[in-house]
2 protein chains.
Amino acid sequence: MSGKVKMVTMRDVAQASGFSPATVSIVLNNAPLARYIAPATKKRIEDAAKKLGYRPNAMARFLRSRRSQTVGVMIFDITDPFCTPVLRGIENALYQSSYVPIFADAHNQRTRFERYLEMLLEHHVEALIVVANWLFVDIQLLADLSKRNITAATIGWEVPGDSVSSVMVDNEAGGRLALEHLHHLGHRKIAVIRGPKMLIDSGPRWKGIQKFANSVGLEMDPSLVVQLPDELEANSGFDGGYRFTEELLERKKKFTAVLAFDDLTAFGAIRALTKAGIKVPEQCSVVGFDDVPLSALSAPSLTTVRQPLEAMGNLAVNLVVEGIKAGLEKRDWSISRHKMTPELVIRDSTKAVEGGKDLTK
Amino acid sequence: MSGKVKMVTMRDVAQASGFSPATVSIVLNNAPLARYIAPATKKRIEDAAKKLGYRPNAMARFLRSRRSQTVGVMIFDITDPFCTPVLRGIENALYQSSYVPIFADAHNQRTRFERYLEMLLEHHVEALIVVANWLFVDIQLLADLSKRNITAATIGWEVPGDSVSSVMVDNEAGGRLALEHLHHLGHRKIAVIRGPKMLIDSGPRWKGIQKFANSVGLEMDPSLVVQLPDELEANSGFDGGYRFTEELLERKKKFTAVLAFDDLTAFGAIRALTKAGIKVPEQCSVVGFDDVPLSALSAPSLTTVRQPLEAMGNLAVNLVVEGIKAGLEKRDWSISRHKMTPELVIRDSTKAVEGGKDLTK
DNA sequence: CCGGTTGCTTGAATCGTTTCAAGTCAGACA
DNA sequence: TGTCTGACTTGAAACGATTCAAGCAACCGG
């Protein structure tokens, strides 16, 4: 019961099957040389391995072959609902490729990011995936990783230079989608809560909004446009949405819809509106961005611009796995930058403007 | 630029400092023997290591010392909002102890669980933490792990036998808390949505409810009590809450409050009530269980029984870390089972019953 | 009967660290 | 002068796999 189980090594399998460790290794890994091995031999070795319950020792293997079967997954803050589906996508794709994720959560802190990077390097991850926000513009990352030729990919952020692939959503198209929806519903007085300046997403989203506004001759009242501050707190989006909406209400400016930077901000806005006795969506529509998991469950459920988060996680994995392969085969390989197309998800938080006609029908 | 960076090994540090690899190892690890090493030597070695940017190779180290600095974290479904705070707690505590988490998400599938277990063993995790639900009663886990003396702890589930520690919430106290709150608010006709039979939490929560009801002479109308089916789907709680609430409404039974099995179920209930034109909390109170992150953000925010999820993650880590230490020092060590006390969080989804008086004041 | 092929298998080096038993050396003591 | 203490330091053997160059038969054609 308490007796320690001696580890079954390749040597044991060799002994049991009557072949040498070299042969066992070749067979069990289906190495190139395996095509010279007699089928009967293969069978005997495989049987022996199974019977003994042989499990390769990933560490020992790494030492010789330099393959750790491990990928670092660095997340800026798992507490942010944005991250969960992305993580799911990453995990799932890695699983398909038989890589194991080493999980690192930076808690939005640079020092923590750096320490984790160190740890990941010590563990010789074969690649790194970073789900990032503004914090992570890091020369270190570029220099250290590409020199050690560890392929890396970021999700939700781009690193300057040509050493890191990236996967993002097409923010401009998303911004456009959001405003287009509200416009079609007949909204003309629309409050916009822009994202923090330092976030890479904020600019393009706003640009998409403006472009659409121009294209249909819609005037965006500057006094209805506010911008979230550069904040790192977990729920700063929610708080910001709440505060700014309150503020707008106090200013007595009239608006029939709020276009929020992201879902959390939208929830904050809804909270503020509800508290002020304004019904969503009857008296004011609210649209978010991201489609985080809560958005479908909240009351009212949130109309939002969906980022294909899980697919983005998937894609990032495929990119780095390609990079690993290329490195192994000494092929050339260059990074790529991707923009996924967002999708409008219409739920219960938006409605045709009171008295206006729903132009979507 | 493209030149590969040769790894800096201990040998290099030895060379640079003029000592042998053995000495370097002793110094850099601050091994027991280090107390015999001259301070000047230590300094020279440490300087050399720093100058060369030496980073120990975790794999090579493991091979000799059997320490992988790695802990497996198996989660039943990261998509479940319950898991996020727990994961945060685990990650944070591991980070403090300089362990690196290997992340595994079973997607609620047994086969996936087993394959991941295999992978974790290949990577020689020093311990395993399982955030579990009903799926994971697994003899394998007990046998394989304790025999290979890998300490393990589960969160949210108990494994029979004496080989796995566990951390749970005191469900009975929680159930009591929830009903007590509604009762104090004057509610007497209370619908209860019980958890699935196969979930370990369901029984004790219901028991806590019944006990409190008895203690105050409250009669729980059996026709107002329903039970969620054994479902594995991600949002089955939400759907169940929605469906059962709809059903109760159709039956025209009167009730002024819903005590839901967990927060997701509560959200489902709120959705159904809202859809039927019943205002929460004005016409019907709803109380959940867990306090998942969304609960604070939803409109109305959810009154719920809080599980200290992050603390539970922390505790689980502390348990296994203790186990690892004990194993290293060949001390005896026995598993433990913990029940954390839940806490009532009063938010906006509950209110004194219409016409009744709020007894909490 | 020899040299060359083909088909299959393996010896031995290697990866980067840790771990002791065993070394060296200077000075103290007898 | 010889021996004995420390006080430091290190040689060399693991750990468990991978990887080639090299080995061994057996067979074939000439």
Side-chain angles (χ1 to χ4, degrees), chain A residues 4-46 48-49 52-70 121-124 126 148 328, chain B residues 4-45 48-49 52-69 121-124 126 148 328:
Chain A
K4 305 184 186 187
V5 171
K6 186 87 185 71
M7 192 160 45
V8 180
T9 76
M10 207 156 75
R11 209 181 210 73
D12 299 328
V13 178
Q15 215 118 50
S17 63
F19 293 92
S20 76
T23 311
V24 174
S25 171
I26 290 163
V27 169
L28 259 28
N29 292 302
N30 204 359
L33 251 42
R35 62 207 179 88
Y36 297 124
I37 305 278
T41 306
K42 288 190 186 172
K43 181 148 177 28
R44 273 169 60 198
I45 289 179
E46 274 153 7
L52 297 183
Y54 170 70
R55 240 189 282 276
N57 182 325
M59 311 286 180
R61 162 180 301 172
F62 161 82
L63 206 52
R64 192 74 235 275
S65 69
R66 319 266 75 186
R67 308 209 47 192
S68 65
Q69 320 252 58
T70 265
L121 289 177
E122 285 179 12
H123 283 268
H124 290 272
E126 293 187 49
R148 297 171 175 272
L328 245 43
Chain B
K4 306 183 184 188
V5 171
K6 186 86 186 75
M7 191 160 45
V8 180
T9 75
M10 207 155 78
R11 208 179 212 75
D12 299 325
V13 178
Q15 216 118 49
S17 64
F19 292 92
S20 75
T23 312
V24 174
S25 170
I26 290 163
V27 169
L28 260 27
N29 292 303
N30 204 0
L33 251 42
R35 63 209 180 86
Y36 297 125
I37 305 277
T41 305
K42 287 190 188 173
K43 180 146 177 26
R44 272 169 60 198
I45 289 178
L52 298 183
Y54 170 70
R55 238 188 282 277
N57 182 326
M59 311 286 180
R61 164 178 298 168
F62 162 83
L63 205 53
R64 193 74 237 272
S65 70
R66 320 265 77 186
R67 306 208 48 192
S68 65
Q69 320 252 57
L121 289 176
E122 285 179 10
H123 283 268
H124 291 273
E126 293 188 48
R148 297 171 174 273
L328 244 44

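Just so we're on the same page: letters track the sequence lines, and every chain starts at 1. What's counted below: heavy atoms across the whole structure, side chains too, no hydrogens, waters or symmetry copies.
An OP1 or OP2 oxygen of D/dT18 is reached within less than 4.0 angstrom by a side-chain nitrogen or oxygen of A/Asn29.
At whole-Å resolution of the value, CD in A/Gln69 and C1' in D/dA17 are 12 Å apart. Straight-line distance from the CG atom of A/Leu63 to the P atom of D/dC15: 14 Å, rounded to whole Å. Counting to the nearest Å, the C1' atom of D/dT10 and the CD atom of B/Gln15 are 15 Å from each other. Atoms CZ (B/Arg11) and P (D/dA12) sit 12 Å apart, rounded to a whole Å. One atom, CZ of A/Arg61, and another, C1' of D/dT18, lie 9 Å apart when rounded to the nearest Å.
Taken from CE in A/Met59 to NE2 in A/His123, the straight-line distance is 7.5 Å, to the nearest 0.5 Å. From B/Arg11, atom CZ reaches atom OG of B/Ser20 across 10.5 Å, with rounding to the nearest 0.5 Å.
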Checklist entry - Is there a side chain to side chain contact (heavy atoms under 4.5 Å, CB included) between B/Arg61 and B/Arg67 once you walk through the steps? => result CA-CA 7 Å; B/Arg61 164 178 298 168; B/Arg67 306 208 48 192; 5.6 Å; no

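Side chain of A/Ala22, nearest nucleotide from D/dG16, D/dT19, D/dG11: D/dT19. Among D/dA14, D/dA17, D/dT19, the nucleotide with an atom closest to any side-chain atom of B/Arg64 is D/dA14.
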Pairs under 3.5 angstrom, nitrogen or oxygen only, protein versus nucleotides 23-28 of chain D, please.
none

Using the 3.5 Å cut-off, write out each protein N or O paired with an N or O of nucleotides 7-9 of chain D and the distance between them.
residue	atom	partner	partner atom	Å
D/dT9	OP1	B/Thr41	OG1	2.7
D/dT9	OP2	B/Ala38	N	3.1
D/dT9	OP2	B/Thr41	OG1	3.1

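Of all the heavy atoms in B/Tyr54 and B/Val8, the pair that sits closest is CD1-O, 3.3 Å. Residue A/Asn57 comes nearest to B/Leu63 through the heavy atom pair ND2-CD1, 4.4 Å, listed as atom of the first residue, atom of the second, then distance. Shown here for B/Val24 and B/Ala14, the closest heavy-atom pair between the two residues is CG2-CA, 3.6 Å.
The shortest distance between side-chain heavy atoms of A/Glu126 and A/Thr70 does not fall below 4.5 Å. For the pair B/Ser25 and B/Met10, the minimum side-chain heavy-atom distance is below 4.5 Å.
Judged by distance alone, with hydrogens and angles left aside, the side-chain atoms of A/Arg44 form a donor-acceptor pair with the main-chain N or O of A/Ser17 at under 3.5 Å. The main-chain N or O of B/Pro56 is never found under 3.5 Å from a side-chain atom of A/Glu122 such that the two would form a donor-acceptor pair.
Base contact: B/Ser25 has a heavy atom under 4.0 Å from a base atom.
Mapping heavy-atom proximity under 4.0 Å, the span of DNA chain C touched by chain A runs 5' to 3' from C/dC8 to C/dG16.
Relative to the six-membered ring of A/Phe62, A/Arg66 meets both conditions, a distance below 6.0 Å and an angle of at most 45° to the axis.
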